[in-house]
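Notes follow once the structure below has been shown.
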Amino acid sequence: MIDRMSWEPLRRELDRWQAAGRVARFWLRDDDAIEPTPDLETMLASTGDNAIPLTLAVIPGLTGEALATRLAEEAGVSVAVHGWSHTNHAGPERKKQELGGDRPADIVLGELEHGFRLLQRFYPARFLPVLVPPWNRIDAALIPALPDLGFAALSVYGRARQSGAMPLLNTHVDIIDWHGTRGGRAEEELVAELVAELEDRLAGSDEPIGVLTHHLVHDAAAWAFLSALFATTGRHPAVHWLPAAALLSP
């Protein structure tokens with residue numbers, strides 16, 4: 001167990017869940033996987049040692065056999081489709097987006113179908129039919145076509161508010177400070193966000209809590225946070241870390 005006082009709010013909230021006889025569902029998504037790297041090895045070691053199921057959002061157009069070979073024996077890892085090539089097609093004054101309305105829909109959907117089939121072939125035992133849009137953005141007009149491509153869910157960022165064509169399996173706590181250091185965010189800030197998400201679930205929401213990481217840009221602060229998070233939650237009776245496949249609607 002971590003002794004740092006910054007983790008005390010999370011410990012108190014989890015103890016409150018335990019007293020209420022509730023168990024919080026967590027899941028872990030790590031984006032931008034392409035190939036084996038030392039940082040990926042650190043992620044696999046950390047999740048493996050703590051028995052934390054890991055969903056890797058793999059970029060189909062940039063990956064290959066090397067990653068598939070490395071992950072072949074990683075039973076706790078699943079692979080989701082991270083767009084096609086993580087290429088920004090939005091204009092210079094707009095937020096980055098690969099799956100937007102800047103190109104014909106048939107081209108975008110064709111790339112997604114190609115990526116789906118490619119990863120399905122590379123990872124017959126690890127493949128998860130979930131689309132993770134690069135930058136967590138996708139044109140709403142494309143979503144109704146996703147089930148026809150084989151996708152079972154969409155994973156973006158934030159509380160799930162969409163209903164209809166595609167179930168959502170979202171992430172809610174991003175550990176990277178994208179607008180500042182581009183490394184790990186402050187521990188106290190992240191703990192506060194986790195507590196807020198837990199409070200929301202205890203008040204009635206049944207959405208699993210998704211933690212979002214990007215192993216390729218982790219600094220010492222990011223790795224330290226994950227280590228402390230896994231130590232604090234991994235054996236707490238009020239927490240259940242689940243593989244993404246177990247959270248998909250039947």
Side-chain angles (χ1 to χ4, degrees), residues 27-37 40 54-72 77-158 160-171 174 176 178 210 212-217 244-245 247-249:
W27 77 289
L28 179 64
R29 193 187 97 199
D30 183 85
D31 287 3
D32 299 345
I34 298 172
E35 61 188 355
T37 65
L40 180 61
L54 171 64
T55 297
L56 281 178
V58 176
I59 304 173
L62 302 181
T63 195
E65 294 282 359
L67 183 61
T69 299
R70 174 61 188 87
L71 297 181
V77 177
S78 58
V79 170
V81 183
H82 199 24
W84 167 244
S85 62
H86 213 303
T87 300
N88 176 32
H89 295 285
E93 303 302 320
R94 299 175 56 201
K95 291 182 177 180
K96 292 180 179 180
Q97 192 168 8
E98 179 175 63
L99 309 180
D102 303 272
R103 298 182 295 157
D106 60 336
I107 292 178
V108 178
L109 294 172
E111 289 179 349
L112 289 178
E113 183 174 23
H114 187 191
F116 185 105
R117 303 303 170 203
L118 186 69
L119 294 188
Q120 192 177 45
R121 176 168 58 85
F122 277 153
Y123 302 97
R126 305 274 176 266
F127 183 70
L128 192 70
V130 171
L131 174 61
V132 179
W135 299 286
N136 290 295
R137 300 186 185 108
I138 183 171
D139 191 304
L142 297 172
I143 296 175
L146 296 179
D148 290 338
L149 302 183
F151 289 104
L154 180 67
S155 181
V156 289
Y157 187 79
R161 294 182 174 88
Q162 176 191 331
S163 61
M166 178 62 53
L168 289 174
L169 180 58
N170 282 2
T171 55
D174 187 343
I176 300 298
W178 293 109
L212 177 58
T213 64
H214 288 74
H215 66 272
L216 291 174
V217 299
L247 299 170
L248 298 181
S249 299

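We count residues from 1, following the sequence as given.
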* Answer whether the closest heavy-atom distance between the side chains of Asp148 and Leu109 falls below 4.5 Å. => no
* To do: Evaluate the side-chain proximity of Thr55 to Val130: yes if any heavy-atom separation is below 4.5 Å, no if none is.
  => no
* **No-hydrogen, no-angle side-chain donor-acceptor test under 3.5 Å, His215 and Asp30** => yes
* Under 3.5 Å, is there a donor-acceptor pair between the side chain of Arg137 and the main chain of Lys96? -> yes
* So do Asn136 and Leu212 actually touch side chain to side chain, heavy atoms under 4.5 Å? -> yes
* Test side-chain contact (heavy atoms from CB on, under 4.5 Å) on Val79 and Phe122 and set out the steps. => CA-CA 10 Å; Val79 170; Phe122 277 153; over 6 Å; no
* **Main-chain N/O of Asn170 paired to Trp27 side chain as donor or acceptor, under 3.5 Å** => yes
* To do: Determine the minimum heavy-atom distance between Ala90 and Lys95, stating which atoms define it.
  => CB-O, 3.3 Å
* **Shortest non-hydrogen contact from Thr63 toward Ile34** => OG1-O, 2.6 Å
* What heavy-atom pair brings Val58 and Pro60 nearest, and what distance separates the two atoms? -> O-CD, 3.1 Å
* Structure fact -> Closest non-hydrogen contact found for Val156 with Arg29 is O-NH1, 3.3 Å
* To do: Quick one: pull up CG in Leu99 and OG1 in Thr87 and give me the separation to the nearest 0.5 Å.
  => 10.5 Å
* Pairwise distance OG(Ser85) to CD1(Ile59) - rounded to 0.5 angstrom -> 8.0 Å
* Closest non-hydrogen atom pair, Pro36 against Arg70 -> CG-CB, 3.9 Å
* To do: Walk me through it: do Trp84 and His89 pass the test ring-ring contact (aromatic ring centres under 6.0 Å, His included)?
  => CA-CA 12 Å; Trp84 167 244; His89 295 285; over 10 Å; no
* Structure fact -> Smallest heavy-atom separation, Arg126 atom then Val77 atom, equals CD-O, 2.8 Å
* Is the side chain of Glu98 donor-acceptor paired with the backbone N or O of His86 at a distance under 3.5 Å, no angle test? -> yes
* Main-chain N/O of Val132 paired with Ser155 side-chain donor or acceptor, under 3.5 Å -> no
* To do: Could you grab the distance from atom CG of Leu146 to atom CE of Met166, nearest 0.5 Å is fine?
  => 4.5 Å
* Is there a side-chain contact (heavy atoms from CB on, under 4.5 Å) between Ile176 and Thr213 once you walk through the steps? -> CA-CA 7 Å; Ile176 300 298; Thr213 64; over 6 Å; no
* For side-chain contact (heavy atoms from CB on, under 4.5 Å), just list the numbers for Arg117 and Gln120, CA-CA rounded to whole Å, side-chain angles, deciding distance to a tenth of an Å, and then say yes or no. => CA-CA 5 Å; Arg117 303 303 170 203; Gln120 192 177 45; 3.4 Å; yes
* To do: With the side chain counted from C-beta on, respond yes when Leu131 and Leu149 share a heavy-atom pair under 4.5 Å apart, and no when they do not.
  => no
* To do: For the pair Phe127 and Phe116, evaluate ring-ring contact (aromatic ring centres under 6.0 Å, His included) and give the outcome as yes or no after the intermediate values.
  => CA-CA 9 Å; Phe127 183 70; Phe116 185 105; 4.9 Å; yes
* When rounded to the nearest 0.5 angstrom, what is the spacing between CZ in Arg94 and CG in Asn88? -> 9.0 Å
* To do: Please answer whether the main-chain N or O of Asp174 pairs with a side-chain N or O of Tyr157 as donor and acceptor at a distance below 3.5 Å.
  => yes
* Just do the side-chain contact (heavy atoms from CB on, under 4.5 Å) check on Leu40 and Leu56 with the steps written out, would you? => CA-CA 10 Å; Leu40 180 61; Leu56 281 178; 4.1 Å; yes
